[in-house]
Number of protein chains: 2
Amino acid sequence: MNLNAADIQHLKGGYLLAALSDSEFDEVLAHANARTLAPGEGLFDQGDPATHFFFVLSGIVKLCRMAPSGEEKVMDLVRPGFFFAEAAMFMSGRYPINARGLEATRLVSLDSKHFVGLVRGNGDLCLRLLSKMSQRMHGLINEIDKLTLHSGAERVIGYLLEQLPEGAAPPSVRLLVPKHVIASRLGIQPETLSRVLAKLRAKQLIDVHDDMIVLNDVEALRRLS
Amino acid sequence: MNLNAADIQHLKGGYLLAALSDSEFDEVLAHANARTLAPGEGLFDQGDPATHFFFVLSGIVKLCRMAPSGEEKVMDLVRPGFFFAEAAMFMSGRYPINARGLEATRLVSLDSKHFVGLVRGNGDLCLRLLSKMSQRMHGLINEIDKLTLHSGAERVIGYLLEQLPEGAAPPSVRLLVPKHVIASRLGIQPETLSRVLAKLRAKQLIDVHDDMIVLNDVEALRRLS
DNA sequence: GTCGTGCCTTGATTTAGGTCAATCAGAATT
DNA sequence: AATTCTGATTGACCTAAATCAAGGCACGAC
């Protein structure tokens, strides 16, 4: 086993496992392994059998799909403290997307089959899972209508506001992934993202210093969302 | 109780309830009511407390969201034999979308709270639910990248192929909802849908007779998907 | 140093699709 | 039959964003 005490504490705090008793948690741990990803390294591909689900310890995992043209669309960026691929576990057993490390990343790999067995005997955990999944579904529904109902500029502003930490003064966002990745996440081209930011800067609504963006007028931005 | 024997049979065949024992099913039935919707009549609105989930007996239910501008975006069209709003049940307790009858519609309304209580004691049912929800999540993920990666024309073709019944000869699709509703479903304007269909017709790929569309070359269409 | 290489920005051009408006057909109402 | 209404179609136009292309700037390698 290659997880240290801090990792285990981290993992225990994750949404899905918080409902487990100590003995259940230990059992899950017995079927868990730490793993590292190099920048750009693939973890699994769309269509692979969904044998495991994962928890991010450090770094960032990119969940994306490939268009027939070869172009890739980023579906989600998973940060430390979050699970991913836990939904595929109950399905036909295939991952619906690709997962790859965006930078050097450490994660925990958990055995799907074993976990499903555990869930079968634990109603509370089961409900927690159901809630978690429907939460993510609402997120996806939101995503869909943002993509269809809102313009590129509105999506950019929405993303900035989402990323804004609670009481940060001055209100600012640090982009911890390259801009072209954010662009893909928002369904636009890097050039468009660049232009949108330039426009917002021209209107004095934000200041951009490299990957640090200061929101000068959160209220005004929220109105434009 | 205003459900007849055929309705009950229909309901029992629905995905979520097939896993129930007879006594459990009867219990659910005791908390169920039939309901009718007039064309355009609202069932619930985005933000309403999610007290019930539903099963469509006949007609079509439109699940949609309102843009700030007042324009509506159709998220899904629910046909007879399918459940909806079952995901919201486990969540914060608010519906994330509006539901309204697209035409005269009969449906069964089921008590969420009661059903959640039932799930708590039934591991099998729980897993079935989890599977069902992750299935729908995959669908939503697909939807997202169709919207971002594919052009309007491609989405139209994809929709036609989806609607195509299995061994229909000649391969044809009957549009059972108005074209402007389909357009919204696909994230385009009615005019654009009209033009796309006109273009496909010009290329001899389809024939349009009112709401009946004949696919002359399924293979070619699939290549364009 | 200088040469790459990757990432971002900026400009010029093109294009898919939205908007506006006119027309038309079918269904419903008088 | 005349009339309004609703939805579909078509055309003319416009706009947001993609695409193509050219630098700029920081970084590491040599």
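We use all heavy atoms of the structure for the numbers below, so side chains are in, but hydrogens, waters and symmetry mates are not. In what follows, every chain begins at residue 1, and chains take the letters A, B, ... in the order their sequences are listed.
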Starting from [atom2] on [N], measure out to [atom1] on [X] and report it in whole angstrom.
X         : N       : atom1 : atom2 : value
Asp211(B) : dG26(C) : CG    : P     : 13 Å
Lys199(A) : dT10(C) : NZ    : C1'   : 13 Å
Asp210(A) : dC8(C)  : CG    : P     : 10 Å

_With Arg195(B) via side-chain contact (heavy atoms from CB on, under 4.5 Å) - residues at least two apart_ = Glu191(B)
Enumerate the protein-to-nucleotides 4-7 of chain C contacts in which both atoms are nitrogen or oxygen and the separation is below 3.5 Å.
none

*Which letters describe nucleotides 10-24 of chain D, given B = protein heavy atom under 4.0 Å from base, S = only from sugar-phosphate, - = neither?*
BBB----SSBB----
For [Y], is there any backbone N or O sitting under 3.5 Å from a side-chain donor or acceptor partner on [X]?
X         : Y         : value
Asn98(B)  : Arg65(B)  : no
Ser194(A) : Pro190(A) : no
Thr36(B)  : Thr105(B) : no

*Would the number of heavy atoms belonging to other residues, nucleotides or ligands and lying under 6.0 Å from NZ of Lys12(B) be above 12?*
yes
*Verify the neighbour count for atom OH of Tyr159(B): are there more than 12 heavy atoms of other residues, nucleotides or ligands below 6.0 Å?*
yes
*Under the side chain to side chain contact (heavy atoms under 4.5 Å, CB included) rule, what do Phe54(B) and Leu43(B) come out as? Steps first, then yes or no, please.*
CA-CA 10 Å; Phe54(B) 303 89; Leu43(B) 178 61; 3.8 Å; yes
*Is the distance between the ring centroids of Phe53(B) and Phe115(B) less than 6.0 Å?*
yes
